[in-house]
Novice: 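Could you have a look at this structure, given as structure tokens, before my questions?
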Amino acid sequence: MFAIIGMVAVVGCVIGSYVAMGGKLAVLNQPFEVVIIFGSGISAFIISNPIRVVKSAFGKLGAVFKGPKYKKADYLELLTMQYQVFKLMKQKGALALEAHVENPHDSTLFAEFPKFHHDHHATEFFCDYVRLLTLGSDNPHEISDLMDQELDLHHQDDHAIGHALTNMAESFPALGIVAAVLGVIKTMGSISEPPEVLGGLIAGALVGTFLGILLCYGWFAPLASAAKQLMEDEASYFTCMKAGIIAHLQGYAPQVSVEFARKAIGHHNRPTFAEVEEACGNLPAPQ
């Protein structure tokens with residue numbers, strides 16, 4: 001919502017000031033220059049990136065308008081889920097979780113935490129490492145290193161998406177120059193026309209440069225920056241799971257392990273200790 005407000009405000013400030021200075025809106029009506037700049041920019045973006053990056057990038061742009069994927073309530077749910085899992089492992093051993101991690105989508109344990117349960121990537125990440133625990137892997141340093149490797153791969157994918165979006169934004173000013181040059185060529189082909197006609201053609205050509213710069217610095221560069229910040233925020237959801245699992249492997253009580261996980265959450269999404277304690281206290285006995 002705020003992204004839409006910002007985009008409208010950018011256009012409003014630019015066009016409003018232009019009109020206030022006596023500019024004529026009709027001159028800015030250059031649909032074919034929009035096609036040249038925007039169409040060729042998107043096409044070049046598709047050429048320069050693998051299809052998986054293209055799909056993910058458009059998905060991340062859409063996420064900017066929806067807002068953050070994980071909010072404070074989602075992190076509170078994640079912490080209570082970890083508490084429930086660690087408590088069950090302490091009481092009945094790691095093998096008690098085998099059925100849940102082998103088929104997490106049918107798990108009655110994970111079904112109590114709907115946001116986590118319906119998040120395929122988060123569920124897979126958590127269950128993969130709990131499965132290692134059920135198989136006898138209990139070295140916290142080895143598990144931590146393995147988690148870091150996987151999180152680094154996620155970070156590389158996010159970096160590729162952010163880099164692609166930034167490159168697309170930065171291409172618009174250059175493509176605006178292309179549109180302007182084509183406009184000048186068109187003008188030169190009409191050099192015998194009277195000055196008022198030539199003036200309109202030159203003004204139309206310059207609109208290309210204007211649109212390219214506006215699309216880059218007014219819309220797409222800020223959108224790319226916002227998408228990068230969202231991806232960084234989403235990464236902390238997985239870091240939270242890592243912190244909890246490693247703390248459990250080191251032998252801490254469930255409540256302490258969850259506190260380690262809580263500390264891995266950014267301040268703007270981190271539940272308080274009292275909120276976590278109350279939520280964990282309201283959980284049913286693990287089955």
Side-chain angles (χ1 to χ4, degrees), residues 52 56 69-70 74-160 231-265 269-271 276-277 279-287:
R52 61 178 176 81
S56 298
K69 182 177 181 179
Y70 304 114
D74 302 321
Y75 281 97
L76 181 60
E77 181 198 78
L78 179 65
L79 293 171
T80 55
M81 182 278 296
Q82 292 186 79
Y83 176 83
Q84 194 80 318
V85 168
F86 300 151
K87 185 176 180 181
L88 181 60
M89 293 174 73
K90 286 287 187 181
Q91 291 177 349
K92 300 183 179 180
L95 289 178
L97 281 167
E98 187 173 15
H100 297 289
V101 298
E102 290 298 335
N103 194 8
H105 298 294
D106 293 331
S107 167
T108 55
L109 173 62
F110 294 133
E112 297 174 9
F113 310 96
K115 177 73 174 186
F116 171 80
H117 192 220
H118 294 115
D119 190 325
H120 170 73
H121 294 296
T123 305
E124 183 179 44
F125 179 85
F126 187 78
C127 289
D128 280 349
Y129 290 101
V130 174
R131 185 181 297 110
L132 287 176
L133 272 59
T134 66
L135 294 174
S137 299
D138 58 358
N139 188 313
H141 300 293
E142 292 176 355
I143 298 296
S144 178
D145 289 342
L146 186 59
M147 284 182 161
D148 285 339
Q149 291 177 25
E150 184 168 356
L151 292 174
D152 284 343
L153 290 175
H154 281 295
H155 178 72
Q156 289 174 19
D157 290 341
D158 289 345
H159 178 74
M231 288 185 283
E232 290 174 0
D233 277 351
E234 290 174 12
S236 68
Y237 195 80
F238 293 83
T239 305
C240 173
M241 288 187 278
K242 174 196 169 184
I245 291 173
I246 297 303
H248 172 78
L249 275 172
Q250 291 174 328
Y252 291 109
Q255 189 67 47
V256 178
S257 298
V258 167
E259 180 61 13
F260 272 76
R262 188 182 73 88
K263 287 296 187 180
I265 302 170
N269 280 322
R270 184 190 298 170
V276 176
E277 187 175 39
C280 292
N282 292 331
L283 289 171
Q287 301 296 321

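Positions are given from 1, in the same order as the sequence printed here.
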Novice: Do the side chains of Lys69 and Asp119 get close enough for a salt bridge, i.e. N-O under 4.0 angstrom?
Specialist: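 Yes, this pair counts.
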Novice: Restricting to non-hydrogen atoms, name the atom on Ser137 and the atom on Leu249 that form the minimum distance, rounded to 0.1 Å.
Specialist: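 Result for this residue pair: O-CD2, 4.0 Å.
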Novice: Treating Thr239 as the side-chain partner and Ala235 as the backbone partner, does any N or O pair qualify as donor plus acceptor under 3.5 Å?
Specialist: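 At least one qualifying donor-acceptor pair exists.
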Novice: At what distance, to the nearest 0.5 angstrom, does SG of Cys240 lie from CZ of Phe260?
Specialist: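 So the SG of Cys240 and the CZ of Phe260 are separated by 13.0 Å.
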Novice: With a 6.0 Å cut-off (strictly less than), is the heavy-atom count around NE2 of His155, excluding the residue itself, greater than 12?
Specialist: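 Not more than 12 within 6.0 Å, no.
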Novice: Under a 3.5 Å distance rule, please check whether His117 uses its side chain to pair with a backbone N or O of Glu112 as donor and acceptor.
Specialist: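 No.
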Novice: Hey, could you give me each pair passing side chain to side chain donor-acceptor pair (under 3.5 Å) that has a residue in residues 247-263? Not counting sequence neighbours.
Specialist: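 Found Glu259-Arg262.
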Novice: Can you see which heavy atom on Ile143 is nearest to which on Ile246, and at what distance?
Specialist: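 Distance-wise, the nearest heavy atoms are CG2-CD1, 3.9 Å.
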Novice: Is the shortest side-chain heavy-atom distance between Thr108 and His100 below 4.5 Å?
Specialist: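 Yes, their side chains come closer than 4.5 Å.
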Novice: Can you measure from CG (Leu146) to CG (Leu151) and round to the nearest 0.5 angstrom?
Specialist: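 One gets 9.5 Å once the value is rounded to the nearest 0.5 Å.
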Novice: Which heavy atom of Arg131 sits nearest to which heavy atom of Thr134, and what is that distance?
Specialist: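 Closest heavy-atom pair between Arg131 and Thr134: O-OG1, 2.6 Å.
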Novice: Could you check if a side-chain atom of Asp138 sits within less than 4.5 angstrom of a side-chain atom of Leu132, using non-hydrogen atoms only?
Specialist: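 Not in contact.
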Novice: Considering all heavy atoms of both residues, which atom of Ala261 and which atom of Gln82 are nearest to each other, and what is their separation?
Specialist: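 Residues Ala261 and Gln82, closest heavy atoms: CB-NE2, 3.8 Å.
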Novice: Test side chain to side chain contact (heavy atoms under 4.5 Å, CB included) on Thr80 and Val276 and set out the steps.
Specialist: CA-CA 7 Å; Thr80 55; Val276 176; 5.5 Å; no
Novice: So do the side chains of Glu77 and Pro114 get within less than 4.5 Å of each other, counting heavy atoms only?
Specialist: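 When only atoms from C-beta onward are counted, Pro114 and Glu77 do touch, with a gap below 4.5 Å.
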Novice: Decide side chain to side chain contact (heavy atoms under 4.5 Å, CB included) for Leu97 and Leu109; before the verdict, give the C-alpha distance in whole Å, the side-chain angles of both, and the deciding distance to 0.1 Å.
Specialist: CA-CA 9 Å; Leu97 281 167; Leu109 173 62; 3.5 Å; yes
Novice: Distance from Met147 atom CE to Met241 atom CE, nearest 0.5 Å?
Specialist: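 If we round to the nearest 0.5 Å, Met147:CE and Met241:CE are 8.5 Å apart.
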Novice: Between Tyr70 and Asn269, does a side chain to side chain contact (heavy atoms under 4.5 Å, CB included) hold up when you go through it step by step?
Specialist: CA-CA 8 Å; Tyr70 304 114; Asn269 280 322; 5.7 Å; no
Novice: I want to check something: taking the side chain as every heavy atom from C-beta on, are Pro284 and Gln84 in contact at a cut-off of under 4.5 Å?
Specialist: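 A side-chain contact exists here, since the closest heavy-atom pair is under 4.5 Å.
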Novice: Which heavy atom of Met89 sits nearest to which heavy atom of Ala94, and what is that distance?
Specialist: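 Here Met89 and Ala94 meet closest at CE-CB, 4.0 Å.
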Novice: Does Lys242 have any salt bridge (Lys or Arg N to Asp or Glu O under 4.0 Å) partners at least two apart in sequence or in another chain, and if so, which?
Specialist: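 Once residues adjacent in sequence are excluded, the partners of Lys242 under the salt bridge (Lys or Arg N to Asp or Glu O under 4.0 Å) criterion are Asp148.
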Novice: Minimum heavy-atom separation for Pro271 and Ile265, please, with both atom names.
Specialist: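 So the minimum-distance heavy-atom pair works out to CD-CD1, 4.2 Å.
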Novice: How many angstroms lie between atom CD1 of Ile245 and atom CG of Asp128, to the nearest 0.5 angstrom?
Specialist: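 Answer rounded to 0.5 Å: 9.5 Å.
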Novice: Check the angle between the aromatic planes of Tyr237 and Tyr75 and answer parallel, tilted or perpendicular using the 30° and 60° thresholds.
Specialist: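 Ring orientation of Tyr237 relative to Tyr75: perpendicular.
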Novice: Donor-acceptor check, side chain of Thr123 to backbone of Phe116, threshold 3.5 angstrom: yes or no?
Specialist: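 Confirmed, Thr123 side chain pairs with Phe116 backbone.
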Novice: Evaluate the side-chain proximity of Phe126 to Phe110: yes if any heavy-atom separation is below 4.5 Å, no if none is.
Specialist: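 In short, these two side chains touch, coming nearer than 4.5 Å.
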Novice: Verify the distance criterion only: is there a donor paired with an acceptor across the side chains of Tyr129 and Glu150 at less than 3.5 Å?
Specialist: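 Checked: Tyr129/Glu150 side chains pair up, N/O donor to acceptor below 3.5 Å.
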Novice: Between Tyr83 and Leu283, is there a side-chain heavy-atom distance shorter than 4.5 Å?
Specialist: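 Of all side-chain heavy-atom pairs linking Tyr83 with Leu283, at least one is under 4.5 Å.
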Novice: Given side chain to side chain contact (heavy atoms under 4.5 Å, CB included), test Met81 with Val85 step by step and report yes or no.
Specialist: CA-CA 6 Å; Met81 182 278 296; Val85 168; 3.8 Å; yes
